[in-house]
Amino acid sequence: MSLDVEEVRRIAELARLRLSAGEEATFASQLSEIVDYIDQLRAFDAGVALSGGAEPEREVAANDVPVRGRPLLDDFLDNAPASLDRFLLVPQVKATPGGAE
């Protein structure tokens with residue numbers, strides 16, 4: 001589906017945009033490409049091989065089995081300069097006397 005300049009003007013009017021004639025032509029072309037791409041996505045059949053080659057002989061699907069992995073906190077603490085009881089140790093921050101807070 002291609003959009004013409006009149007449709008772009010109507011869209012611009014609804015969006016309260018002022019476009020020059022050059023911008024209208026540019027947007028008409030660009031929006032047409034976007035709409036064409038959306039049409040391609042709608043027509044895409046999930047069963048078609050992504051490689052574009054022949055249909056696969058059989059479909060192989062991995063079992064969806066949850067596996068407990070190592071928690072991210074452990075990785076983080078392993079790389080931290082200092083930790084204690086699963087907490088990150090940082091230098092103490094104190095306000096200086098008479099200084100601005």
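- For the side chain to side chain contact (heavy atoms under 4.5 Å, CB included) criterion with Tyr37, the lone passing option out of Leu41, Val35, Ile34, Asp39 is Leu41.
- Summarising the geometry, atom CZ belonging to Phe87 is positioned 9.0 Å from atom CG belonging to Leu73; distances are rounded to the nearest 0.5 Å.
- Follow the hydrophobic side-chain contacts under 4.5 Å out from Leu77 and you never reach Leu89; the two are in separate clusters.
- The hydrophobic cluster containing Ile38 also contains Leu31, counting ILVMFWY residues as joined when their side-chain heavy atoms lie under 4.5 angstrom apart, directly or transitively.
- For the atom pair CD of Glu24 and CG of Asp4, the computed distance is 10.5 Å after rounding to the nearest 0.5 Å.
- A 6.0 Å sphere centred on CG of Leu14 holds more than 12 heavy atoms belonging to other residues, nucleotides or ligands.
- Taking OG from Ser2 and CD from Glu7, the interatomic distance works out to 7.5 Å, rounded to the nearest 0.5 Å.
- Listed for the Ser32 side chain is a donor-acceptor partner under 3.5 Å among the backbone atoms of Leu3.
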Review point. Run the side chain to side chain contact (heavy atoms under 4.5 Å, CB included) check on Arg86 and Asp74 step by step: do they pass?
Key: CA-CA 8 Å; Arg86 297 182 55 87; Asp74 289 341; 2.7 Å; yes

Exercise for review: Could you check Phe76 against Leu88 for side chain to side chain contact (heavy atoms under 4.5 Å, CB included), going step by step and ending with a plain yes or no?
Suggested key: CA-CA 9 Å; Phe76 179 74; Leu88 182 65; 3.8 Å; yes

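- Using a 4.5 Å heavy-atom threshold, the side chains of Leu19 and Arg9 count as separate.
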